[in-house]
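Structure first, commentary second.
What's counted below: heavy atoms across the whole structure, side chains too, no hydrogens, waters or symmetry copies. Read the numbers this way: they start at 1 and go in the same order the structure lists the ligands and their atoms.
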Amino acid sequence: MLAESAAFVEKSLDALLPGVSGPESRLLEAMRYAALGGGKRLRGFFVLQSGNLFGIDRGALGRVAAAVECIHAYSLVHDDLPAMDNDDLRRGKPTVHKAFDEATAILAGDGLLTLAFGLLAAPDTHGDPFVRCELVSKLAHASGHAGMVGGQMMDIAFEHGSPGLTEIARLQRMKTAALITFSCEAGAILGHASASARAALMAYGQELGLAFQIADDLLDAEGETAQLGKAAGKDAAHGKPTVVSVFGIERARAQANALAGQAVDHLDLFDERADLLRAAAEFVVSRRV
Ligand code: GRG
């Protein structure tokens, strides 16, 4: 299901990332290393599938999917830095600061972050400047202090506290679900969709984003480093509060499945063109990587 769209997202990214040349070539090489050649491309998949519901052309969808994957790749590069998670392995290969160096990793993340907004703002993404502006502003909200970056700060703050389930859910909505929600909303923005269609896609993204994070925490608790392509068992080792640490494995799994089911219910107003989004909900909670 994901393979075809992952290949298309990879191709789009390859074409849209700058080529490696000039005295800054080390930066460009690190950006390409971080963004290409790995990852499930799940966020890109949501962009493509939400856009398909409204007949958006593939070129535009490839640009928006690439923008979201650039933001995601930057967040992984910065998350892996010694000042944050200090990880050596990501997507089955050395993290960017290991393959290059810390300064280059910081700059590569910065380069990917800004490239994402440049891609959305360019006329090739959509002929209507209001649509481009809305994509930029919604992605900024999802990835900045009110979304992913804010969630990451809460994650760090909670290492020294004992948050309850409400706080953990808020953190996960910001850190993980906000970017997934934007990916699902993007097709509706590009397609000038009705308010109800847009709300349904956002609700799907929010529920599935939370299910995705719980599934990720379950993989961290139960998976193997070699299979995941990143370090496993880190949450427990660091005493990190997650839905798994609060609920235990079985209840956390039941919660992830329930959220995935609720996500699918939000798609009721769409016909069979939403079937891949329906299937993705099952994938998100049963995945092994
Ligand atoms: C450092 C600004 C900043 C933000 C960091 C995304 C993030 C916030 C941290 C990465 C660590 C983490 C466990 C985040 C939760 C989201 C998540 C599960 C990311 C991994 O996403 P996948 O599984 O990765 O989709 P691939 O490699 O398949 O793209």
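Between Y204 and A281, the closest heavy-atom pair is OH-N, 4.2 Å. Between F8 and G62, the closest heavy-atom pair is CE2-CA, 3.7 Å. For E69 against R43, the heavy-atom pair with the smallest separation is OE2-N, 3.5 Å.
In terms of protein heavy-atom proximity, atom 14 (C) of ligand 1 is nearest to K175 CE, 3.7 Å. Atom 13 (C) of ligand 1 has D216 OD2, 3.7 Å as its closest protein atom, hydrogens excluded (heavy atom only). For atom 10 (C) of ligand 1, the closest heavy atom belonging to the protein is D79 OD2, 3.3 Å. The protein heavy-atom contact nearest to atom 15 (C) of ligand 1 is Q213 OE1, 3.1 Å. Atom 8 (C) of ligand 1 has Q152 OE1, 3.4 Å as its closest protein atom, hydrogens excluded (heavy atom only). Atom 6 (C) of ligand 1 has its closest protein heavy atom at S75 OG, 3.1 Å. With respect to atom 20 (C) of ligand 1, the closest heavy atom belonging to the protein is H72 CE1, 3.9 Å. Here the heavy atom of the protein found nearest to atom 22 (P) of ligand 1 is K40 NZ, 3.4 Å.
R287 forms a cation-pi arrangement with F212, by the criterion of a distance under 6.0 Å to the ring centre and an angle within 45° of the ring axis.
Ligand 1 does not have L42 within reach: every non-hydrogen atom of the residue lies 4.0 Å or more from it. Within the structure, the closest approach of R43 to ligand 1 falls below 4.0 Å when heavy atoms are considered.
The local environment of NZ in K234 is crowded, with over 12 non-hydrogen atoms from other residues, nucleotides or ligands closer than 6.0 Å. Shown here is K240, whose NZ atom has more than 12 heavy atoms of other residues, nucleotides or ligands within 6.0 Å. In the displayed structure, H141 atom NE2 is contacted under 6.0 Å by at most 12 heavy atoms of other residues, nucleotides or ligands. Counted within 6.0 Å of CD on E224, heavy atoms from surrounding residues, nucleotides or ligands total 12 or fewer; the atom is thus considered open.
The nearest non-hydrogen atom to atom 27 (O) of ligand 1, considering only Q172, R91, M148, M153, comes from R91.
If you number the atoms of ligand 1 from 1 as listed, the ones under 4.0 Å from a heavy atom of G39 come out as 26 (P), 27 (O), 28 (O), 29 (O). Less than 4.0 angstrom separates some heavy atom of T176 from each of these atoms of ligand 1: 15 (C), 16 (C). Ligand-side atoms of ligand 1 in range of Y74: 2 (C), range being under 4.0 angstrom from any heavy atom. Here is the list of ligand 1 atoms found below 4.0 Å of a heavy atom in H78: 1 (C).
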Would you mind writing out the side-chain donor-acceptor pairs for residues 105-117 within the sub-3.5 Å range, not counting sequence neighbours?
unit_1, atom_1, unit_2, atom_2, d
T114, OG1, D110, O, 2.8
T114, OG1, G111, O, 3.2

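Only the side chain of L76 comes within contact range of ligand 1, with a heavy atom under 4.0 Å; no backbone atom does.
Side-chain polar atoms of T125 and R132 form no donor-acceptor pair below 3.5 angstrom.
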